[in-house]
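No experiment lies behind these values; they were computed from the predicted model shown.
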Amino acid sequence: MGDSSDSVSVDMETFSVAGKEHLVKTGGGSVSVVVFGDQDKPALITYPDLALNYMSCFQGVFFCPEAFSLLLHNFCIYHISPPGHELGAAVMSLDDPILSVDDLADQIAEVLDYFRLGKVMCMGVTAGAYILTLFALKYTQRVMGLILVSPLCKAPSWTEWLCNKVMTNLLYICGMCSLVKELLLLRYFSKQEVRGSVEVPESDVVQSCRRLLGERQSSNVLRLLEAINERPDITKGLRKLQCRSLIFVGENSPFHSEALHMTSKLDRRFSALVEVQACGSMVTEEQPDAMLIPLEYFLMGFGFYRPSQCNVSPRSPLSPTSISPELFSPESMGLKLKPIKTRFSGEV
């Protein structure tokens with residue numbers, strides 16, 4: 001991949017451990033899973049948003065030293081890429097099945113079977129958050145907890161459906177052209193704060209994301225986009241979720257109201273919402289530091305701790321049912337706001 005492979009090797013060296021890629025054969029085709037850490041530890045699986053993979057969707061939060069040490073100390077991390085979205089992916093064959101969101105959720109179960117994983121912690125962004133939530137609804141006993149960033153739970157609104165249809169046509173006719181990239185960046189990031197304007201230069205994170213989008217195979221992105229644009233409403237099942245959920249959303253995200261709707265439908269005893277000011281959908285890249293404190297408190301309820309506070313073995317997490325509801329109170333996060341709603345400014 002030329003320049004991109006060089007940049008990846010540099011990025012990988014910043015991790016304290018090397019990631020190993022596995023190509024897992026499933027009923028819906030092969031899936032790339034990049035594994036970081038000790039596989040004897042509990043598993044944290046990640047799933048990115050549309051047209052992204054772990055490098056373009058999660059490197060911000062995993063490059064944050066405190067968050068990375070918290071997560072890697074307690075978990076083995078399994079970065080799952082949507083079919084055809086891995087680094088260096090080739091154009092998918094016409095013989096490869098076209099997967100629905102249900103198929104993608106079932107594919108995750110096959111990945112867990114391949115690695116012989118039991119209960120897992122899940123972290124997903126927007127479309128990835130929807131797929132992981134659907135996975136949690138279908139495979140209740142396999143999910144320890146959900147960490148969702150700007151999640152979806154309803155069928156597409158007319159606005160989103162139309163935007164997705166425009167992108168579908170552009171991807172089919174023009175490939176990953178400049179206009180498709182702009183529509184995707186609008187989906188991911190806040191306006192002037194990050195994407196830039198005439199007066200404000202485009203941020204490094206957007207420039208990096210734009211470059212990585214240029215490496216995606218348009219036909220592969222098209223397949224995932226069509227699946228996401230045909231997703232069903234899963235709102236009715238949300239109250240039946242038996243795991244704890246932590247939801248992050250940027251106040252400038254186009255899916256902000258969807259995240260609020262989803263939070264309102266979850267059992268308030270087992271969920272918390274963190275709104276991040278001056279941020280778009282991809283909090284993991286735009287303001288990863290804002291995730292640290294809520295993540296730390298959320299994971300403490302499972303018996304996980306930051307390295308300096310580690311008093312229990314991370315290989316023996318407490319049952320999710322042992323989490324106290326007080327964990328999700330504003331006071332536990334150091335804030336004085338309404339229950340289950342906390343806000344972080346960009347200066348945190």
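Judged purely by atom type and a 3.5 angstrom limit, T284 uses its side chain to pair as donor or acceptor with the backbone of C57. Judged by distance alone, the side chain of E258 and the main-chain N or O of P151 form no donor-acceptor pair under 3.5 Å. Remark: side-chain polar atoms of R187 are not paired, donor with acceptor, to backbone N or O of F255 under 3.5 angstrom. Proximity of a side-chain donor or acceptor of N169 to a complementary backbone N or O of V166 within less than 3.5 Å is not detected. N53 places a side-chain N or O within 3.5 Å of a backbone atom of H85 that can act as its donor or acceptor partner. Although no hydrogens or angles enter the test, the distance criterion places no donor-acceptor pair under 3.5 Å between the side chain of D267 and the main chain of R239. The closest donor-acceptor contact from the side chain of K181 to the backbone of C209 lies at 3.5 Å or more, if one exists at all. Between the side chain of D103 and the backbone N or O of S100, at least one donor-acceptor pair lies under 3.5 Å. S264 places a side-chain N or O within 3.5 Å of a backbone atom of H261 that can act as its donor or acceptor partner. A distance-only check finds no donor-acceptor pair linking the side chain of N252 to the backbone of S190 [under 3.5 Å].
Y114 and L132 fall within a single hydrophobic cluster, where Ile, Leu, Val, Met, Phe, Trp and Tyr side chains are chained together by heavy-atom contacts under 4.5 Å. Hydrophobic cluster membership differs between Y172 and L162, with clusters built from Ile, Leu, Val, Met, Phe, Trp and Tyr side chains linked at under 4.5 angstrom. Clustering ILVMFWY residues whenever any of their side-chain heavy atoms sit less than 4.5 angstrom apart, transitively, puts M92 in a cluster other than the one holding L99. Cluster membership for L222 and I98, using ILVMFWY side-chain heavy atoms within less than 4.5 angstrom, is not shared. In the hydrophobic clustering of ILVMFWY residues, with side-chain heavy atoms under 4.5 Å counting as a link, L23 and Y47 come out apart.
In this structure, F75 and F304 have tilted ring planes: the angle between them lies in the 30° to 60° band.
Nearest heavy-atom pair, L238 versus L266, reported as atom, atom and distance to 0.1 Å: O-CD2, 3.6 Å. Nearest heavy atoms, Y130 versus L152: CD1-O, 3.4 Å. What you find for L146 and M121 is that their closest heavy atoms are N-SD, 4.3 Å. Heavy-atom minimum distance, P156 versus N229: CG-O, 3.4 Å. Closest non-hydrogen pair, N74 versus Y305, comes out as ND2-O, 2.8 Å. The two residues M144 and F302 have their closest heavy-atom pair at O-CE2, 3.3 Å.
Counting heavy atoms from C-beta on, the side chains of L112 and Y139 never come closer than 4.5 Å. Contact of the L52 side chain with the M282 side chain is registered, since non-hydrogen atoms from C-beta on lie closer than 4.5 Å. At a threshold of 4.5 Å between non-hydrogen side-chain atoms, the residues E275 and H256 count as touching. Proximity of T126 to Y188: side-chain heavy atoms (C-beta onward) are nowhere separated by under 4.5 Å. At least one side-chain heavy atom of P83 sits less than 4.5 Å from a side-chain heavy atom of L104. Contact annotation: the side chain of I77 never approaches that of M123 to less than 4.5 Å [non-hydrogen atoms, C-beta and beyond]. By the 4.5 Å heavy-atom criterion applied to side chains, V35 and C76 are counted as neighbours. Looking at D49 and V149, their side chains never come closer than 4.5 Å, going by heavy atoms from C-beta outward.
Side-chain contact of S32 with E21: a donor-acceptor pair under 3.5 Å is present, judged by distance alone. Side-chain atoms of S271 and S245 form no donor-acceptor pair, as typed in the model, at a separation below 3.5 Å.
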CA sep, side-chain torsions, deciding dist, call: T26, Q107, side-chain hydrogen bond (donor to acceptor under 3.5 Å, both in side chains):
CA-CA 6 Å; T26 72; Q107 202 172 51; 3.0 Å; yes
Show, in sequence, the C-alpha distance, side-chain angles and deciding distance for V33 and F115, and conclude whether the side-chain contact (heavy atoms from CB on, under 4.5 Å) test is met.
CA-CA 10 Å; V33 184; F115 290 104; 3.8 Å; yes
Test side-chain contact (heavy atoms from CB on, under 4.5 Å) on V143 and F135; report intermediate values, then the result.
CA-CA 8 Å; V143 178; F135 169 72; 3.5 Å; yes
Determine whether I131 and I228 satisfy the following criterion, side-chain contact (heavy atoms from CB on, under 4.5 Å), listing intermediate values before the conclusion.
CA-CA 9 Å; I131 292 167; I228 294 301; 4.2 Å; yes
Which is it for R231 and L134 under the side-chain contact (heavy atoms from CB on, under 4.5 Å) test, yes or no, and what are the steps along the way?
CA-CA 10 Å; R231 68 183 186 270; L134 182 58; over 6 Å; no
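One finds the OG atom of S281 at 11.5 Å from the CG atom of L185 (value rounded to the nearest 0.5 Å). Remark: L44 CG to H79 NE2 distance equals 7.5 Å, nearest 0.5 Å. Annotation: the span from I147 atom CD1 to C122 atom SG amounts to 8.5 Å, rounded to 0.5 Å. The line from CG of L225 to NZ of K165 is 8.5 Å long, rounded to the nearest 0.5 Å. The NZ atom of K240 lies 14.0 Å from the NZ atom of K265; values are rounded to the nearest 0.5 Å. The distance from atom NE2 of H73 to atom CZ of F68, rounded to the nearest 0.5 Å, is 13.0 Å.
A ring-centre distance under 6.0 Å is not found for F58 and Y54.
Ion pair E160/K154 not flagged as a salt bridge, since none of the NZ, NE, NH1 or NH2 atoms sits closer than 4.0 Å to an Asp/Glu carboxylate oxygen. Between R210 and E182, at least one side-chain nitrogen of the basic residue sits less than 4.0 Å from a carboxylate oxygen of the acidic one, meeting the salt-bridge criterion. Salt-bridge annotation for D96 and R223: absent, with no side-chain N of the basic residue lying under 4.0 Å from a carboxylate O of the acidic one.
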